[in-house]
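Structure, as structure tokens:
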Number of protein chains: 2
Amino acid sequence: MRERKKRETRAALAEAALRLALDKGPDNVTVEEIAEAADVSVRTFFNYFPHKEHAILGRNPEHLERALDRMRTAPAAESPLTTMWFVVDDVLRDLEREGELSRRGELIMSSPSLVYQLMMSSFEDERLLTAGLAERMGEPGGSVRAALIVSASGAACRVAMELHKTAPERSVRDLVAEGFHVLADGLDPGFAPTVPDDTTTNHTMPEEQEGPS
Amino acid sequence: MRERKKRETRAALAEAALRLALDKGPDNVTVEEIAEAADVSVRTFFNYFPHKEHAILGRNPEHLERALDRMRTAPAAESPLTTMWFVVDDVLRDLEREGELSRRGELIMSSPSLVYQLMMSSFEDERLLTAGLAERMGEPGGSVRAALIVSASGAACRVAMELHKTAPERSVRDLVAEGFHVLADGLDPGFAPTVPDDTTTNHTMPEEQEGPS
DNA sequence: TTAATAGTTTGCAGTGAGTGCAAGTTTGTT
DNA sequence: AACAAACTTGCACTCACTGCAAACTATTAA
């Protein structure tokens with residue numbers, strides 16, 4: 001079966017990439033090494049992954065399908081963030097089962113370029129999930145709330161991975177759960193921006209000379 | 001004066017990078033072209049900017065400093081998300097101002113990837129912001145809430161950029177503000193995960209999306 | 001003015017990512 | 001067995017980026 005072979009090759013590459021990245025640090029691994037470790041040519045590597053980082057992230061395209069499915073088949077009464085929780089929880093359970101969560105998670109969070117890639121590749125997923133969620137919620141496509149629920153859920157995941165690094169006694173899933181509760185209840189009941197549109201605020205610090213940023 | 005010459009060269013490179021990026025699209029510019037346009041060698045370009053994008057963005061290293069400063073000098077009574085709002089608002093005002101005044105701002109605002117790069121480099125070290133905020137809040141370093149406030153603020157920004165693309169009549173700053181309010185008040189009052197810790201749940205399928213896949 | 005010196009620029013050589021192409025190999029089908 | 005589709009691979013190429021050492025230039029001391 002071709003499908004099977006492709007999946008095997010993909011897995012072998014992802015596995016090799018992860019192992020080598022853990023060994024030598026994500027920036028000291030070359031595609032050549034990864035390809036060699038997986039017994040394929042460098043060129044073939046790039047048939048599977050557009051970037052080196054994608055291989056280390058080891059994202060499985062099927063998972064998004066299942067996520068969208070879970071969202072579509074969720075009970076009508078389920079609140080939107082609750083739905084997102086189950087979607088995320090499914091991932092976490094899967095990763096925990098494979099025992100790869102902390103290995104890979106820690107690695108990712110330790111490397112800015114990996115975090116960047118993770119976010120980048122999450123964006124497309126987030127867009128689809130947002131669309132699905134907005135539909136479920138009966139809100140217009142441009143709903144800030146729907147988009148925020150998805151996007152902030154991703155943020156909660158990243159935060160959890162980050163904190164898990166320094167507090168390994170708390171499981172990632174536990175930390176994510178806490179994050180979801182905080183998000184659900186409100187980040188800050190005291191939020192009160194007194195828009196300093198013109199004057200009298202000491203926060204109107206001047207600006208820079210070079211371009212933006 | 002050497003200082004002056006360095007600043008001139010830097011400006012020339014940034015300017016050339018911007019002009020070429022506007023002309024040919026940010027992805028179709030080579031460092032060689034930029035260097036040539038600024039009358040320096042390619043090698044010299046890399047003495048000034050670590051990456052091509054930095055030149056296009058004309059990134060100012062002071063930005064993070066300013067953000068942290070704003071955070072440190074915030075009134076004690078200011079709630080944490082409010083503080084984040086002012087920090088973010090500061091950046092957005094820059095962009096809006098530059099967007100009006102300079103071609104660079106326009107280019108950045110027109111290109112999601114550049115906007116994202118900009119936000120990322122502005123928040124280069126989210127950990128610093130998180131640490132600063134946690135300290136302000138008198139919470140331990142591993143505070144989920146502090147980390148989430150910073151991280152979710154970033155999410156709100158990205159959501160705003162994204163929505164602004166399809167709904168240009170709403171300003172990015174306006175959309176970000178709405179996002180902050182949603183985050184402050186709570187994403188979902190109905191959040192109620194019926195923790196399926198052991199059995200019988202039909203939602204226990206592995207899955208993917210945000211987490212490291 | 002001249003000579004030492006410290007800061008800058010540059011060429012060069014090299015690594016490594018990533019792409020397009022065309023030829024070769026495997027796998028599935030008739 | 002013959003054929004086509006899918007997959008792999010080598011090759012040649014562009015480009016980003018780095019380290020090194022030579023060359024250049026402004027600054028300072030004598």
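What's counted below: heavy atoms across the whole structure, side chains too, no hydrogens, waters or symmetry copies. Chain letters run A, B, ... following the sequence lines, proteins first and then strands; every chain starts at 1.
Between the C1' atom of D:dC15 and the CZ atom of B:Phe45 lies a distance of 13 Å, rounded to the nearest Å. Between the P atom of D:dA16 and the CD atom of B:Glu53 lies a distance of 9 Å, rounded to the nearest Å. Rounded to an integer number of Å, the gap from CZ of B:Arg10 to C1' of C:dT9 is 16 Å. Distance B:Lys5 NZ to D:dA26 P: 7 Å, rounded to the nearest Å. With rounding to whole Å, A:Lys52 atom NZ is found 13 Å from D:dA16 atom C1'. Following rounding to the nearest Å, A:Gln117 (CD) and C:dA17 (P) show an atom-to-atom distance of 14 Å. When rounded to the nearest whole Å, the span between CZ of B:Arg4 and P of D:dT27 equals 10 Å. Taking atom CG of B:Leu13 as the reference point, atom P of C:dT8 lies 15 Å away to the nearest angstrom.
For the side chain to side chain contact (heavy atoms under 4.5 Å, CB included) test with A:Val172, the passing option among A:Leu95, A:Leu163, A:Leu92 is A:Leu92; the others fail. Each of A:Lys6, A:Arg4, A:Lys5 was compared with A:Glu8 under the salt bridge (Lys or Arg N to Asp or Glu O under 4.0 Å) criterion, and only A:Arg4 meets it.
Side-chain N or O atoms of A:Glu78 include none that pairs as donor or acceptor with a backbone N or O of A:Pro75 at under 3.5 Å. Checking side-chain atoms of B:Arg136 against main-chain N and O of B:Ala74 turns up a donor-acceptor pair under 3.5 Å.
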Output one line per pair: protein atom, nucleotide atom from nucleotides 28-30 of chain C, and distance, for all N/O pairs under 3.5 Å.
residue	atom	partner	partner atom	Å
C:dG28	OP1	A:Met1	N	3.3

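Contact record, B:Leu81 with B:Ala184: CD2-CB, 3.6 Å, taken as the closest heavy-atom pair.
Interatomic distance, CG of A:Leu187 versus CG of B:Leu148, reported as 6.0 Å (0.5 Å rounding). Rounded to the nearest 0.5 Å, atoms CG (A:Asp174) and NE2 (A:His164) are 10.5 Å apart. With rounding to the nearest 0.5 angstrom, the CG atom of B:Leu18 is 12.5 Å from the CG atom of B:Leu13. Interatomic distance, CD1 of B:Ile149 versus CZ of A:Phe191, reported as 10.5 Å (0.5 Å rounding).
For A:Thr9 and B:His51, each mapped to the nucleotide of DNA chain D holding its nearest heavy atom, the one lying further toward the 5' end belongs to A:Thr9. Residue-to-nucleotide proximity on DNA chain D shows that, of A:Val42 and B:Phe46, the 5′-proximal contact is made by A:Val42.
No donor-acceptor contact under 3.5 Å links the side chain of A:Arg43 to the base of C:dG18.
Taking a 4.0 Å limit (strictly below) on heavy-atom distances, residues 17-41 of chain A reaches DNA chain D at A:Val40, A:Ser41.
Nearest to the side chain of B:Lys6, among C:dT8, C:dC21, D:dC17, sits C:dT8. Among the nucleotides D:dT18, C:dG18, C:dT10, the one closest to any side-chain atom of B:Asn47 is C:dT10.
Contacts of A:Tyr48 with the nucleic acid, taken as non-hydrogen atoms under 4.0 Å apart, involve only primed sugar atoms and P, OP1 or OP2.
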